[in-house]
Peer 1: 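Pasting a structure below so you can have a look.
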2 protein chains.
Amino acid sequence: MADKKSKYDQRYMAAVDAAAAVFADKGYHGAGTLDIAEKLNIKQGSLYYYFPSKEAALEAVCLEGIKYGVAYLESLLQEERSFAETIKAILHHTLSSLHDRADYMIVFDDERQCIPVERRGRIREQSSYYHKLLEQIFRRAQQRGEMKRHLDIYISVRAFTGLLSSISSWYHTQQDIDSEAVAEQYSEMFLGGSCA
Amino acid sequence: MADKKSKYDQRYMAAVDAAAAVFADKGYHGAGTLDIAEKLNIKQGSLYYYFPSKEAALEAVCLEGIKYGVAYLESLLQEERSFAETIKAILHHTLSSLHDRADYMIVFDDERQCIPVERRGRIREQSSYYHKLLEQIFRRAQQRGEMKRHLDIYISVRAFTGLLSSISSWYHTQQDIDSEAVAEQYSEMFLGGSCA
DNA sequence: TAGAATTTCTATAATTCTATAGATTTTATT
DNA sequence: AATAAAATCTATAGAATTATAGAAATTCTA
């Protein structure tokens, strides 16, 4: 057994994958446990071997969905790239995630609020940590004089994450578009604006 | 009778309002016709006097939600303001809509995809018309030399609408924030970028 | 290969939700 | 006030969905 992952872990991840695909397609409330089970080729009841509830499946998808984004921001903070390079790197990373793991990104963006507030703790934690990391990046850029000093950091981060998450709402519908070009233009707009 | 609106029309609009509030709060699938009826102080079954189905209620909310935005863009195209002024005006208008009609904006942004594709015609029509109007504005700005020539119009419009709709996801949770400051900073970022 | 552990299945209870039909109440009209 | 029209209510059929319990099948291990 060279595999690190146990049989169970592999199958569990397949279940999370299936949930991600179904939630991305129909939305949390629009999708049923039956849909997920069918995608896994098991019966509806068997799904409960992997998740204690439909909600737990959504939470698993969301946590998986933000994992790499957070890790990537952490790694970017270690390296000391320029602000412009950092922004471009984040955009490229987001685009490639959107390509490789579209379902997770979509579910995280659109469905995480379906988890009732009282059980949203772990996801809020991750997502506000993501915001904190971006704030650090922006603050450092201001200190270094790479970013306009008078811009409010909170609003800037919100605007930037807005740009990021908006991509997922249209990018996957345009299959012929060049992801490189999208990342380039978004970063140019964010960094240098649209005015001539 | 000085009123233009009939009794029925008033009550119908109250029903659309209630649906908007409930859908914004719980999402389309998360909300029930019972919730809407309770908000209107009628019984669940009575709701069907106003809507033939729950889906029809969502469609009504969405169409109402985009109405003023479209009308405002049309009026902006008539006036011949500069690109910068136009962008600022759109942001101000969006912020004020978000203040006065938050429920409609939220439902339009987050729930319109709950209408099955085969019945999404009228909403897609409005929403792609909105995009078309923005494309016209951007194209004119490029022709006048007010906007960078090499920016792809389609991507720019997507980025801009992404900025706009992202505001609704956080603005209403921050009650102490100054809407004027938000509009100013968003337009500065979009027009002139973030780099120092 | 026998027994243990894991995984999946069957069947169903319990609940929830949409939508309809016909009765009833309220409001408007003459 | 009598009648007509509009608005709401009651009661329920019918469908869908989550979650559970225990049986059956499969896979692993010694």
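Side-chain atoms are counted along with the backbone in the values below, which use heavy atoms only and exclude waters and symmetry mates. Just so we're on the same page: letters track the sequence lines, and every chain starts at 1.
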Peer 1: At less than 4.0 Å, is any side-chain N or O atom of A/Tyr48 found next to OP1 or OP2 of D/dA19? Yes or no.
Peer 2: yes
Peer 1: Any chance the side chains of A/Tyr154 and B/Gln185 put a donor and an acceptor closer than 3.5 Å?
Peer 2: no
Peer 1: Atom CG of B/Leu34 to atom C1' of C/dT15: distance rounded to whole Å?
Peer 2: 14 Å
Peer 1: Can you check the A/Asp9 CG to C/dT6 P distance for me, whole Å?
Peer 2: 13 Å
Peer 1: Does the separation of the ring centres of B/Phe51 and B/Tyr12 fall below 6.0 angstrom?
Peer 2: yes
Peer 1: Is B/Gly32 touching bases, backbone alone, or none of the nucleic acid, heavy atoms closer than 4.0 Å?
Peer 2: sugar-phosphate
Peer 1: Which part of the nucleic acid, if any, lies within reach of B/Ala31 when heavy atoms closer than 4.0 Å are counted: base, sugar-phosphate only, or nothing?
Peer 2: sugar-phosphate
Peer 1: Tell me the interatomic distance from A/Glu55, atom CD, to D/dA19, atom C1', rounded to whole angstroms.
Peer 2: 13 Å
Peer 1: Does a nitrogen or oxygen in the side chain of A/Thr33 sit under 4.0 Å from OP1 or OP2 of D/dT18?
Peer 2: yes
Peer 1: Where each residue is assigned the nucleotide of DNA chain C containing its nearest heavy atom, which of B/Gly30 and A/Arg11 is assigned the position nearer the 5′ end?
Peer 2: A/Arg11
Peer 1: In whole Å, I'd like the distance from the OH atom of A/Tyr8 to the C1' atom of D/dT26.
Peer 2: 17 Å
Peer 1: Measure CG/B/Leu58 against P/C/dA19 and give the value in whole Å, please.
Peer 2: 12 Å
Peer 1: What nucleic acid atoms does B/Tyr50 come within less than 4.0 Å of, heavy atoms only: base, sugar-phosphate, or nothing?
Peer 2: sugar-phosphate
Peer 1: Under 4.0 Å, counting only non-hydrogen atoms across every strand here, what does A/Lys43 touch: a base, just sugar-phosphate, or nothing?
Peer 2: base
Peer 1: Return whichever of B/Pro52 or A/Gln44 has its heavy-atom-nearest nucleotide of DNA chain C closer to the 5' end.
Peer 2: A/Gln44
Peer 1: Is B/Lys67 paired with B/Glu64 through a side-chain N to carboxylate O contact shorter than 4.0 Å?
Peer 2: yes
Peer 1: Can you find a side chain N or O atom of A/Ser46 that sits less than 4.0 Å from OP1 or OP2 on C/dT7?
Peer 2: no
Peer 1: May I have the distance from A/Leu47 (atom CG) to C/dT8 (atom P), rounded to whole angstrom?
Peer 2: 10 Å
Peer 1: Between atom NZ in A/Lys54 and atom P in D/dA16, what is the gap in whole Å?
Peer 2: 15 Å
Peer 1: What is the distance from NZ of B/Lys7 to P of D/dT8, rounded to the nearest Å?
Peer 2: 10 Å
Peer 1: Going by purine N1 to pyrimidine N3 plus the second Watson-Crick contact, or the G-U wobble pair, all under 3.5 Å, which nucleotide sits opposite C/dT27?
Peer 2: D/dA4
Peer 1: When you check the phosphate oxygens OP1 and OP2 of D/dA7, does a side-chain N or O of B/Tyr49 lie under 4.0 Å from one of them?
Peer 2: yes
Peer 1: Would you kindly say whether A/His29 and A/Glu111 are connected by a side-chain donor-acceptor distance under 3.5 Å?
Peer 2: no
Peer 1: Quick one: do A/Glu59 and A/Arg119 make a salt bridge, cutoff under 4.0 Å?
Peer 2: no
